[in-house]
Colleague: 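Could you have a look at this structure, given as structure tokens, before my questions?
Remember, it's 1-based here, ligands and their atoms both numbered in the order they're listed. In what follows, every heavy atom counts, from backbone to side chain, and hydrogens, waters and symmetry copies are set aside. The structure presented is a predicted model; accordingly, all values stated were derived computationally and were not measured.
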Amino acid sequence: MIKINRKPVPGYVNFDFDNIKFGQTMADHMFVADYEDGVWKNIRIEPYGPITFNPAMMALHYGQAIFEGMKATKTYDGVPVIFRPEEHAKRFNNSARRMAMPEFPEDLFVEAVKTLVAVDNEWIPKGDDAALYIRPFMIATDEQLGVRTSDKYKMMIICAPAGQYYSKPVKLLAESFYTRAAMGGIGYVKAAGNYAASLLPAIEAKKKGYDQVLWLDAREHKYVQEVGTMNIFFVIDGVVITPSTEEKTILKGITRDSIITILRDKGYQVVERKLSIDEVRQAHKDGTLSEIFGSGTAAVVSLVSDLSYKDEIYHLDGEYKIATLVKKEINMIRQGLKEDKFNWLYPAVIDNDVTV
Ligand SMILES: Cc1ncc(COP(=O)(O)O)c(C=O)c1O
């Protein structure tokens, strides 16, 4: 059971929903659970606010820190819904296992997300791709130096309103020096350190005029992996191709899975396989490369206008028929305007409301 301690005066009343700066204002409440003596305890929702920690807290030193990112929206008739929370729960535990952290019960994860969103449902902004961004995370909280797994952890969920996402097509730089993930590493999980390691290459790519890095494999710098916080799709000769996740070097995006499911359902040929940057270059030369797009919770779909590799730039300015179609489809499902035939929406309602 989740104990709920509500904030006496909610903050959404004074929040300017027409000028949302993503990630700067948090919703009123947060979910917190503590792991001690092998069990999750003190399961609660309380007013959002600072937490105290000891400078020797292990997450700060040895990086046992994982997170998730998902969204809640309101359907056209006002029902708060969360997009595929069970999949995020599973991925959270996948990350936990790889980082030698305790798993968080998946039904409790979903219950926590749905209760928190129900409590803070007034924070869900309205509009086509506006949403409440939900950030579950877990950190090691033992207070001791020395490299080992922590015995204590904190699992928390915070939420932040995200406004309309006016995404202009992005320019990608295929990175031929830095790498993001090698086989046997942690590239397939949402470990905080993955993002820290991507910052310097991203800064350097920005200086060269690119929005984000397209990662290539660590061994040969030959095969395409993913982009910043997105998976990547290519349409070549009408076939939709996305790098396979078999080698465990790519985060298995939930939007990626949704796109594959929708497109296959509509009769498109979608292939998950190794794709070399040379094949992309050749397809661009032959005129068979019609679309490149990224997929992720943040923008759903981001069109790619330019891809640079070594000294070449592959420019695309087609219709982006497939990218536009899937983005619209996902947004319509989230707004309840299209049948949710894959059961992706999870209504945010409170089952056990204990106000203390
Ligand atoms: C590295 C990385 N790849 C891909 C994605 C896209 O995943 P999803 O569609 O689940 O948001 C994300 C975002 O979570 C990410 O951080």
Colleague: Find all atoms of ligand 1 within a distance of less than 4.0 Å from any non-hydrogen atom belonging to Arg91, and give their numbers and elements.
Modeller: 7 (O), 8 (P), 10 (O), 14 (O)
Colleague: Applying side chain to side chain donor-acceptor pair (under 3.5 Å) to Asn94 and Lys252, what does each step give before you reach the verdict?
Modeller: CA-CA 11 Å; Asn94 214 18; Lys252 231 178 180 173; over 6 Å; no
Colleague: Given 3.5 Å as the limit, does a donor-acceptor pair link the side chain of Arg256 with the main chain of Ile254, or not?
Modeller: no
Colleague: Is any side-chain heavy atom of Met183 closer than 4.5 Å to a side-chain heavy atom of Lys248?
Modeller: no
Colleague: Give the numbers and elements of all ligand 1 atoms closer than 4.0 Å to a heavy atom of Gly253.
Modeller: 7 (O), 8 (P), 9 (O), 10 (O)
Colleague: Using non-hydrogen atoms of the residue, decide whether Lys190 is closer than 4.0 angstrom to ligand 1.
Modeller: yes
Colleague: Answer whether the closest heavy-atom distance between the side chains of Ile232 and Leu214 falls below 4.5 Å.
Modeller: yes
Colleague: Would you say ligand 1 has an N or O under 3.5 Å from any N or O of Ser295?
Modeller: no
Colleague: Indicate the atoms forming the closest heavy-atom contact of Lys266 with Leu325, along with that distance.
Modeller: CD-CD2, 3.7 Å
Colleague: Which of the atoms of ligand 1 are close to Ile254, meaning less than 4.0 Å from one of its heavy atoms?
Modeller: 8 (P), 9 (O), 10 (O)
Colleague: Only heavy atoms of Glu226, strictly under 4.0 Å: list the atoms of ligand 1 that pass.
Modeller: 1 (C), 2 (C), 3 (N), 4 (C)
Colleague: So, is Lys252 polar-close to ligand 1, with some N/O to N/O distance under 3.5 Å?
Modeller: no
Colleague: Please state which part of Arg180 comes within less than 4.0 Å of ligand 1, counting heavy atoms only: side chain, backbone, both or neither.
Modeller: side chain
Colleague: If the cut-off is 4.0 Å to any non-hydrogen atom of Thr229, which atoms of ligand 1 fall inside it?
Modeller: 2 (C), 3 (N), 4 (C), 5 (C), 6 (C), 12 (C), 13 (C), 15 (C), 16 (O)
Colleague: Taking 4.0 angstrom as the limit and counting only heavy atoms of Gly228, give me the atoms of ligand 1 inside it, by number and element.
Modeller: 1 (C), 2 (C)
Colleague: Considering distance alone, does some N or O of His88 sit under 3.5 Å from an N or O of ligand 1?
Modeller: no
Colleague: State whether a side-chain donor-acceptor pair under 3.5 Å links Tyr133 with Arg135.
Modeller: yes
Colleague: May I ask you to test the Phe293-Val235 pair for a side-chain heavy-atom distance under 4.5 Å?
Modeller: yes
Colleague: State the atoms of ligand 1, each with its element, that fall below the 4.0 Å cut-off from a heavy-atom position in Gly296.
Modeller: 6 (C), 9 (O), 11 (O)
Colleague: Could you check whether Arg334 and Asn331, counting side-chain N and O atoms only, form a donor-acceptor pair closer than 3.5 Å?
Modeller: yes
Colleague: Checking the side chain of Asn93 only, and the main-chain atoms of Phe104 only, is there a donor and an acceptor separated by less than 3.5 Å?
Modeller: yes
Colleague: Can an N or O of Leu251 be found at a distance shorter than 3.5 Å from an N or O of ligand 1?
Modeller: no
